[in-house]
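Report on one structure; see the data block that follows.
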Amino acid sequence: MIEWSQNQIRAFRKTLLDWYDAHGRDLPWRHDHAPYHVWVSEIMLQQTQVNTVIPYYDRFMAQFPTVNALADAPEAQLMKAWEGLGYYSRARNLQKAAKQIVYERDGQWPQTAEGLRELAGIGPYTAGAIASIAFNEPVPAVDGNAFRVFARLLEIDLDIAKPQTRPVFEQIIGRIMSPSRPGDFNQAVMDLGASYMAAKNPDSAHSPVKEFDQAYLDGVEGQYPVKSKKPRPVKVAYYGLVIRHGDQFLMQKRPSDGLLANFWTFPLIAEDDVLALSETPELVTDEERLTLLEQLVKQDFGLTVHVVPIGGKPVKHTFTHRQWVISLLSADLPANTDLSFFPGEWLSIEALQKIALPKVQAKLFTRIR
DNA sequence: AAAACGTGGGG
DNA sequence: TCCCCAAGTTT
């Protein structure tokens, strides 16, 4: 790792900000510095690419133009607006924070990074981003771009996946960043990280700060940033039950915590749970699986069903830490079935289109309608 | 500290 | 197909 003199730091600031003034991106949330606009965009942009966020941001602002509108919005409407964007706790925390601002803080925003950390869903990065962009506080906003950009510029070989690395970068960037234009400096670093100093296919040779890019100058930019690898997603096999009654489907609501919390889902039965009913799971034939599945549905839900495989490949869906493989089965339900013990509801096609569905359920829905 | 938490894009 | 990455936070 190298260190810069005060002269180098001043030169870097000017080079970066001049480039940003001339070539910074025109994005919907950059039309002003209203804290509400900065905040919503920053939450949406967490682990999510700019091009994905833009249409969501525009629709969101049309629907919830103020923090008051967001605080008072029906949760179902909020989740429908977030549908498909992922990391849904972001949306719930967003409304929680809106309520904090409106009802606990009399509509007043915390104006410092430290104060912003009190709001739900705002961590060290987002607090720095809002404080610097909306309130002009000279604090760094260390996201994946900042990690990558400064790791390359200064050849910092700390593992950016480790929690203890963040404060080191915050300290280094805090000393380098422009004290007079902190918001522009932080956004310029992000624009740089999204273009010339991208993670894949960087174009360091044409970067406006290539003279400051030690890893590039040494021909070792591919070595930065240092980042330890995450484990691969665990495969989980499910049977998905499509139980139709006229134009309605039997659906279940997922638990209020964990993956896809509170979303409606076609009933999913883990293959492992089915095989666990057998003394010799490794010997179970495909036909026997279906019989065991029917047993399990009877046992767990009190439903007597006859299941039939639906043609086509299983539906695959990969999350950060799980890969679901769902074999679809249709099940007929005798007309006089007692559903009083089944933890679910019948939802019509029209109802399914109105409520928020996560992508995996939307995939199932398109397969069977 | 490490794992959970969604989805889409690109090599 | 597989892997990594993308304006991270919470527990």
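Here the structure is a predicted model, which is why all the values come from computation and not from measurement. Letters A, B, ... are given to chains in the order of the sequence lines, protein chains preceding strands, and every chain is numbered from 1.
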May I ask you to evaluate whether [X] reaches the phosphate of [N], defined as a side-chain N or O under 4.0 Å from OP1 or OP2?
X        : N     : value
A:Arg148 : C:dA6 : yes
A:Lys200 : C:dC3 : no
A:Arg232 : C:dC2 : no
A:His317 : B:dT7 : yes
A:Gln187 : C:dA7 : no

Considering only side-chain heavy atoms of [X], which listed nucleotide, [options], is closest?
X        : options             : answer
A:Asn145 : C:dA6, B:dA1, C:dC2 : C:dA6
A:Pro163 : B:dA2, B:dT7, C:dT9 : B:dA2
A:Thr320 : C:dT9, B:dT7, C:dA7 : B:dT7

Please classify the nucleic acid contact of [X] as base, sugar-phosphate, or nothing, using heavy-atom distances under 4.0 Å.
X        : result
A:Asn201 : sugar-phosphate
A:Leu27  : base
A:Thr126 : sugar-phosphate
A:Ala120 : sugar-phosphate
A:Gly193 : nothing
A:Val53  : nothing

Exercise. Is the closest basic N to carboxylate O distance between A:Arg289 and A:Glu271 below 4.0 Å?
Worked result: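 Here A:Arg289 pairs with A:Glu271 in a salt bridge, since their nearest N and O are under 4.0 Å apart.
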
Problem set entry | Any side-chain donor near an acceptor of the partner, A:Glu288 and A:Thr291, under 3.5 Å |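 Result is no, nothing qualifies.
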
For this session: Taking atom types as modelled, find out whether A:Arg90 and A:Thr48 have a side-chain donor-acceptor pair closer than 3.5 angstrom.
Result: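 The answer is yes; a qualifying pair exists.
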
For this session: For B:dG6 versus C:dC5, give the span between their C1' atoms, rounded off to a whole number of Å.
Result: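 Pairwise C1' distance, B:dG6 against C:dC5, rounds to 14 Å.
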
Exercise. Which residue, A:Lys162 or A:Lys359, contacts DNA chain B at a nucleotide closer to its 5' end, judged by nearest heavy atom?
Worked result: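 This one resolves to A:Lys162.
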
